[in-house]
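The block underneath contains the structure these notes are about, expressed in structure tokens.
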Amino acid sequence: MKHNVFYYSLAVSLILILSGCKKDFKSEEINIIPRPSGYFSFPGHFTLNNKTRIIYANGDTLSREAGYLAGQLSANKKLNIKTVSLKNTSYVGKDIILRINPDTDYGKEGYAVKVTNKNVSIMANTPAGIFYGIQSFLQLLPPGFFRSGGNADEWEIHNIRIFDKPRFRYRGMHLDVGRHFFPVSFIKRYIDLLAMYKFNTFHWHLTEDQGWRIEIKKYPKLTQIGAWRDSTVVGRCCKPPLHYDGKRYGGFYTQDEIRDVVAYAASRHITIIPEIEMPGHSLAALASYPELACTPGPFKVATRWGVFKDVYCPKEKTFRFLEDVLTEVMELFPGKYIHIGGDEVPKERWKESRLCQKIMKENGLKNEEELQSWFIRRIEKFLNAHGRQLIGWDEILEGGLSPGATVMSWRGIEGGIAAAQQNHDAIMTPGGWCYFDHYQADPEFQPLAIGGFTTLKKVYSYNPVPEDLKPSDKKHIIGAQGNVWTEYMTDEKKVEYMVLPRMAALSEVVWLKDDKKNWHDFQRRINTHFDLYKIKGYNYCPGSYKVDINAVADSADRNKFEITLESEIYKADIRYIINSAKNPDSTSTQYTAPFTAKKGDTVKAAVFVNGRLMEKPAVKIL
Ligand code: ACM
């Protein structure tokens, strides 16, 4: 019999209510991010201790997931939890059981977790679903569990049933390793974050003007020359005068390292999409092989940020080079998508090139945008012939889309809309919501960033499916992704600071249906994740300390307003002052509940932590 766990859980709830258990039936607050689409808690708890084992059914299918769970639990040095295959044990006691249960209705990535006094069971249709169930289970444990020393050796987990599946099939995070290079150890640490938040795709931006980062055996100069720059611009770029540090900088991943990272990600059910930029953002490649450009060069690996005029020239030699590079890339990355960039391609060199103009004439191409599309189409044919699919940034729409291309919409949502309307899949990464290189709080109080202003709350508010798409086109929006460009992220700690906690907010955007999102509940949950970040040594931004002063006029007396004060910070100490030339300080009135003020009043409010002003006070004149 096929049983649908959603109906099953509904039935259980009804039985609990009808049998008079209602007063005991309380939904415990859970801290899981992304929030599961359905759950309820019930009285009692499971005790996790040294007698607990992780038992995996289904032969060896889930041995990897069992090992992963044991590895995560081993952060707690008081416990030593073993894995055992069901085929090697006849007794199932107070254990954690992982089981593929093909009867459930979870699709490829959904799962159920059941915690009772007797045991914990995690069920799904697939190992990926089991893995997401494990992530939710781990987040039922208090952050203190993961502190390595001085832990208790018994942990109670409140009884709960969770039934969950994602909204989108593409849930991505990107990382630019061209502008700054990050070692394999950090890439794995970053992938760990993706795993915790149930992302299934890591978009690895491997080539840039400022550095080529992947070993290609056939073209050794790419990493002998292209992976290194002589110097790096310091501070805000790029209005003169520019300052440079004068230090050689660079690095690259060997093919063995890439294979290691791909396997590491795969064991966390994360597919890596490699990005090999073309035809622009290719100075590092041109510095290595100048014959691929339209002009003779020589070229240098870029030492400042921005967009550069020298791009690949669409000659046969270039296509041979790119096809050779992609051949090695495809051997390393087994996923179906290959990202070819396509963004920010100045056309000057192509306009000046006799060869380009000849190609355009011979192929009836009206302008250089169409020449770019011709270029991309050629690459798409090559990828398709090898069973892969092409993704490009939304500029690939400009001269006409390649037949099977998926579009990453970054300059807003329009690219995604246009792609979907042309029956192409689109991944939403619009700057205003998904660019985690933007400031996330008042720049005056933040480390240097590229610009923009994309707060945690704004990321959380994002709905990747544009309202004005026809229902039949909406299915082409396959998900969303956070982009992490690293011009201003010189080290690992800065990357962590910029992505945490915004990637947690995005994880809920791509996992949970929009009408189930709840900002205030997220605010509470993310606060507990801050504890986890501290324990795991991740750097993070606590959020924007700015106070929103909301004023609602009284319907009977338009001169009267009800004022509410809010900030992104959970349970913030907000102090305010009315009609004063002074700013609020830590002794000003503490905000505890909405209050009234009248027309013409000036309200100033700010957040304090341990008596310290955290950001400029907000001011509103009513
Ligand atoms: C991009 O941000 N240039 C895709």
Side-chain angles (χ1 to χ4, degrees), residues 170 172-180 201-213 233 237-238 272-285 302 304-312 337-347 369 372-373 375-376 379 390-399 401-402 405-419 424-440 449-454 458-459 462 464 477-489 495 498-499 502-503 506:
Y170 186 103
M173 280 294 295
H174 151 284
L175 184 66
D176 162 20
V177 295
R179 273 55 177 262
H180 285 101
T201 309
F202 171 42
H203 171 174
W204 203 357
H205 184 81
L206 285 163
T207 71
E208 255 308 333
D209 296 305
Q210 295 83 4
W212 181 283
R213 305 285 177 226
V233 67
C237 180
C238 291
I272 303 187
I273 298 181
E275 181 178 353
I276 305 296
E277 272 268 20
M278 62 189 80
H281 288 292
S282 49
L283 256 185
R304 64 162 178 87
W305 321 130
V307 171
F308 299 88
K309 285 188 194 142
D310 290 299
V311 302
Y312 290 120
Y337 291 120
I338 303 288
H339 200 305
I340 55 74
D343 60 320
E344 300 179 319
V345 186
K347 302 295 188 302
E369 281 67 35
Q372 172 160 337
S373 287
F375 187 119
I376 304 290
I379 296 294
L390 177 146
I391 301 188
W393 298 110
D394 58 45
E395 285 93 332
I396 66 169
L397 280 150
E398 284 170 359
L401 264 184
S402 299
T406 296
V407 172
M408 252 183 200
S409 188
W410 73 279
R411 294 178 297 178
I413 62 172
E414 294 73 19
I417 292 175
H424 284 250
D425 284 347
I427 296 157
M428 304 307 279
T429 70
W433 292 271
C434 296
Y435 267 46
F436 298 163
D437 54 346
H438 287 183
Y439 283 106
Q440 50 200 321
I450 201 161
F453 191 65
T454 304
K458 184 153 187 227
V459 175
Y462 185 50
I477 306 296
I478 62 171
Q481 173 175 290
N483 287 344
V484 185
W485 302 103
T486 58
E487 286 93 333
Y488 295 95
M489 300 182 209
V495 174
M498 297 306 278
V499 302
R502 287 186 286 191
M503 71 182 283
L506 186 68

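Sequential numbering from 1 along the given sequence is applied to the chain's residues. In each ligand, atom 1 is the first atom listed, and ligand 1 is the first ligand listed.
- Going from atom CD1 of I391 over to atom CE of M408 covers 5.0 Å, rounded to the nearest 0.5 Å.
- Ring planes of Y488 and W305: perpendicular class, angle over 60° (limits at 30 and 60°).
- No hydrogens or angles considered: nothing links the side chains of W410 and Q481 as a donor-acceptor pair under 3.5 Å.
- When only non-hydrogen protein atoms are considered, atom 2 (O) of ligand 1 lies nearest to Y435 OH, 2.6 Å.
- Between the side chains of W485 and E208, no donor N or O sits under 3.5 Å from an acceptor N or O.
- Every atom of ligand 1 is numbered from 1 in the order shown, and the set under 4.0 Å from a heavy atom of W485 is 1 (C), 2 (O), 4 (C).
- Annotation for ligand 1: atoms under 4.0 Å from non-hydrogen atoms of E344 are 3 (N).
- Looking only at protein heavy atoms, the nearest one to atom 3 (N) of ligand 1 is D343 OD2, 2.7 Å.
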